[in-house]
Protein chains: 2
Amino acid sequence: MHVSKNSKSPPPSFFSTLREKGLRPTKQRNCVFRVINEKQDHPTADDIFVRVRRRLPTISFATVYNCLETLVGCGLVKQVNIDREPARYCSNLNPHAHFKCIKTGKIFDLPLDDLVLSKIASILPRGFNADHFDLSFSGTLTDLN
Amino acid sequence: MHVSKNSKSPPPSFFSTLREKGLRPTKQRNCVFRVINEKQDHPTADDIFVRVRRRLPTISFATVYNCLETLVGCGLVKQVNIDREPARYCSNLNPHAHFKCIKTGKIFDLPLDDLVLSKIASILPRGFNADHFDLSFSGTLTDLN
DNA sequence: CTAGGTGCAAAAGGTTTGCGGTTAA
DNA sequence: TTAACCGCAAACCTTTTGCACCTAG
């Protein structure tokens with residue numbers, strides 16, 4: 001697994017990233033991308049559909065799914081899969097885990113530093129080459145006043 | 001207690017665990033449990049249905065799902081969720097991560113020792129109390145000859 | 001006896017697909 | 001101009017549910 005210094009990369013350019021792959025920066029894709037970036041609350045496809053539709057009242061569900069697939073494929077957003085729940089989408093492209101509060105359903109990002117990343121990578125035996133990993137927790141939050 | 005490698009009876013924890021919860025150790029539950037324990041290949045509900053049906057030809061899909069839910073709820077088996085794929089079931093109750101080979105689809109267990117477990121727990125900020133975590137990798141296997 | 005479990009069929013729910021019409025480059 | 005994309009509806013696939021019948025304790 002690739003482990004690098006924990007430098008925060010500049011926000012990816014929506015237009016240049018798509019163009020590099022020969023894909024069109026359509027208004028639907030742009031709008032889906034902006035909705036995910038505006039509010040860091042890990043919306044589901046359904047949440048995104050509702051928010052996008054306020055700006056593009058004719059967009060369809062299928063197009064939202066298509067846009068999400070494209071954006072995830074380009075690395076412009078991340079898909080978050082926790083248990084068997086509907087997929088959520090996340091604009092945080094830095095290495096992080098997720099914590100889901102089982103009382104509120106809210107999802108929190110937990111940043112992962114290089115030390116933790118290398119410890120996680122050390123789990124892999126020789127010959128196991130990971131492209132990708134997912135770490136998620138679920139539990140409750142203590143009210144610390 | 002008689003214990004042998006090739007014993008066809010399930011580990012006693014099956015009966016006592018269910019009884020402790022006031023649940024019945026039915027032949028359907030027993031069979032599902034045995035199928036998961038016999039072959040450590042992370043079968044899906046569908047795989048389990050096919051294998052169980054060879055022994056209990058009248059068992060229904062819904063019953064397989066019900067049994068799985070019961071067994072997972074009792075802690076007798078673990079449900080493995082990787083990405084958006086169908087759930088898989090696992091008899092390894094020790095702390096472990098999963099590695100999925102993207103070429104073959106095969107799933108491997110990666111044991112987690114106490115040092116790694118405490119490092120993983122250290123990711124949680126104050127006030128985050130995790131009941132549960134999931135760690136999974138995906139990638140390829142190098143043929144090491 | 002009876003609470004709990006099974007089997008069946010049908011539905012739910014998230015996601016994907018096929019296709020005719022539209023649009024960005 | 002034209003390949004890529006959109007919108008719509010229908011399909012897909014895993015999982016859940018409602019209900020009548022059955023069974024373990």
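The analysis underlying the following values was restricted to heavy atoms, covering all of them including side chains, and did not include hydrogens, waters or symmetry mates. Numbers restart at 1 for each chain; the letters A, B, ... are given by sequence-line order, proteins then strands.
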Open item on the list: Measuring only between side-chain heavy atoms, which start at C-beta, is Phe99(B) closer than 4.5 Å to Ile123(A)?
Closed with: no

TODO: Show your reasoning for whether side chain to side chain contact (heavy atoms under 4.5 Å, CB included) applies to Lys27(B) and Arg55(B).
DONE: CA-CA 10 Å; Lys27(B) 61 175 189 283; Arg55(B) 298 184 200 171; over 6 Å; no

TODO: Could you tell me from which nucleotide to which nucleotide of DNA chain D, 5' to 3', there is an atom under 4.0 Å from chain A heavy atoms?
DONE: dA3(D) to dT15(D)

Task: Given DNA chain D, 5'-ward residue of the pair Glu69(B) and Thr26(B), judged by closest heavy atom - done: Glu69(B)

TODO: Output the residues of residues 55-66 of chain A in contact with DNA chain D, where contact means a heavy atom of the residue under 4.0 Å from an atom of the strand; sort by number or write none.
DONE: Thr58(A), Ile59(A), Ser60(A), Ala62(A), Thr63(A)

- [ ] Could you walk me through whether Glu85(B) and Lys100(B) pass the salt bridge (charged side-chain N to carboxylate O under 4.0 Å, His left out) test, one step at a time?
- [x] CA-CA 11 Å; Glu85(B) 294 179 8; Lys100(B) 183 181 152 225; 2.5 Å; yes

- [ ] Using atom types as modelled and distance alone, determine if a side-chain donor or acceptor of Ser118(B) lies under 3.5 Å from a backbone N or O of Leu115(B).
- [x] yes

Task: Nucleic acid contacts of residues 82-92 of chain B, taken as heavy-atom distances under 4.0 Å to DNA chain D - done: Pro86(B), Ala87(B)

TODO: Measure the distance from NZ on Lys27(B) to C1' on dG4(C) and round it to the nearest whole Å.
DONE: 14 Å

Task: Length of the CG-C1' vector between Asp46(A) and dA12(C), whole Å - done: 14 Å

Open item on the list: Is it the case that the side chains of Asn129(B) and Thr142(A) hold a donor-acceptor pair, with the cut-off being a distance below 3.5 Å and no angle test?
Closed with: yes

- [ ] Send over the distance from Arg29(B) CZ to dG7(C) P, rounded to a whole Å.
- [x] 11 Å

- [ ] To the nearest 0.5 Å, tell me how far Ile120(A) CD1 sits from Ile120(B) CD1.
- [x] 6.0 Å

TODO: On DNA chain D, check which nucleotide each of Asn81(B) and Gly22(A) is closest to and give me the residue with the more 5' one.
DONE: Gly22(A)

- [ ] Evaluate the ring planes of Phe108(B) and Phe128(A), with Trp represented by its six-membered ring, and classify them as parallel (under 30°), tilted (30 to 60°) or perpendicular (over 60°).
- [x] perpendicular

TODO: Using the six-membered ring wherever Trp is involved, compare the ring planes of His42(B) and His98(B) and label them parallel, tilted or perpendicular (cut-offs 30° and 60°).
DONE: perpendicular

Open item on the list: Quick check on side chain to side chain contact (heavy atoms under 4.5 Å, CB included): which of Val35(A), Ile36(A), Asn37(A) does Phe33(A) satisfy it with?
Closed with: Asn37(A)

Open item on the list: Taking the basic N atoms (NZ, or NE/NH1/NH2) and the acidic carboxylate oxygens, is any pair closer than 4.0 Å for Asp41(B) and Arg51(B)?
Closed with: yes

Open item on the list: I want to check one thing: is the phosphate of dT23(C), taken as OP1 and OP2, less than 4.0 Å away from some side-chain N or O of Arg24(A)?
Closed with: no

Open item on the list: I'd like to know if the side chain of Arg29(A) and the backbone of Thr70(A) have a donor-acceptor N/O pair within less than 3.5 Å.
Closed with: no

